[in-house]
Amino acid sequence: MVGAAPLVVFALAAPAAAHVSVQQTAASVTTVSAGRIGATSAALLGLLGAVIGGLALARPASRFGTGNGPLGATVAQTAGLIAMAIGGLVVATADGGLGTGNGLGGAIVALMVGLIAVVLGRVALIRSRRTAAPRRPLARP
């Protein structure tokens with residue numbers, strides 16, 4: 001019975017010791033991880049969508065404006081949705097919190113900028129449909 005006690009202690013201590021040896025440290029500033037790459041690319045894609053959505057609203061006669069159909073609005077919404085999907089994936093798979101090098105901060109920014117791009121694209125799409133609808137003259141009695 002006395003010989004079994006150390007065996008039980010070592011058996012219970014082994015998983016705890018293994019856990020301590022596998023803990024990750026925070027990544028340095030220059031380390032480029034997969035989470036950082038994904039979050040940065042998603043944030044840039046969302047920013048691109050927000051800029052295109054803003055151009056579609058501000059300049060209706062331009063290439064991405066509402067005068068040229070729903071092209072700018074569709075591009076802005078698509079870019080925003082992709083940015084939000086990638087940002088959500090990085091947030092869901094990040095191992096640590098902010099500042100650990102997993103791209104969590106960039107993913108949160110990508111979610112916000114992607115949402116802005118989707119909203120701007122939706123408003124531009126509504127405007128393009130409103131301006132494209134034919135106006136009927138009022139019937140005179």
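Reckoned from all heavy atoms, side chains included, excluding hydrogens, waters and symmetry mates.
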- Query: Hey, is the main chain of I37 close enough, under 3.5 Å, to the side chain of T40 for a donor-acceptor pair?
  - Reply: no
- Task: Measure the shortest side-chain to side-chain distance between L104 and V91 over non-hydrogen atoms and say whether it is less than 4.5 angstrom.
- Result: yes
- Item | L111 side, atom CG; I86 side, atom CD1 - distance, nearest 0.5 Å | 11.0 Å
For residues 75-85, run the donor-acceptor check on the side chains, cut-off 3.5 Å, and write out each pair with its distance to 0.1 Å, sequence neighbours left out.
unit_1 : atom_1 : unit_2 : atom_2 : d
T78    : OG1    : T74    : O      : 2.8

- Going by side-chain heavy atoms closer than 4.5 Å, which hydrophobic residues are tied to L44, directly or by a chain of links? none
- Item | Cluster check V118, I108: I/L/V/M/F/W/Y, side chain < 4.5 angstrom | yes
- Query: Say you draw a straight line from CG of L125 to CG of L71; how long is it, rounded to the nearest 0.5 Å?
  - Reply: 11.5 Å
- Message: Give me the atom names and distance for the closest heavy-atom approach of A43 to A110.
- Response: N-CB, 3.5 Å
- Heavy atoms of G106 and A39 approach each other most closely as C-CB, 3.6 Å
- Item | Shortest non-hydrogen contact between A73 and G121, atoms and distance | CB-O, 3.2 Å
- Shortest non-hydrogen contact between A117 and A50, atoms and distance: CB-N, 3.4 Å
- Item | Joint cluster assignment, V109 & V90, ILVMFWY side-chain distance < 4.5 Å | no
- Item | Single-linkage hydrophobic cluster, 4.5 Å side-chain cutoff, V123 and L120 together | yes
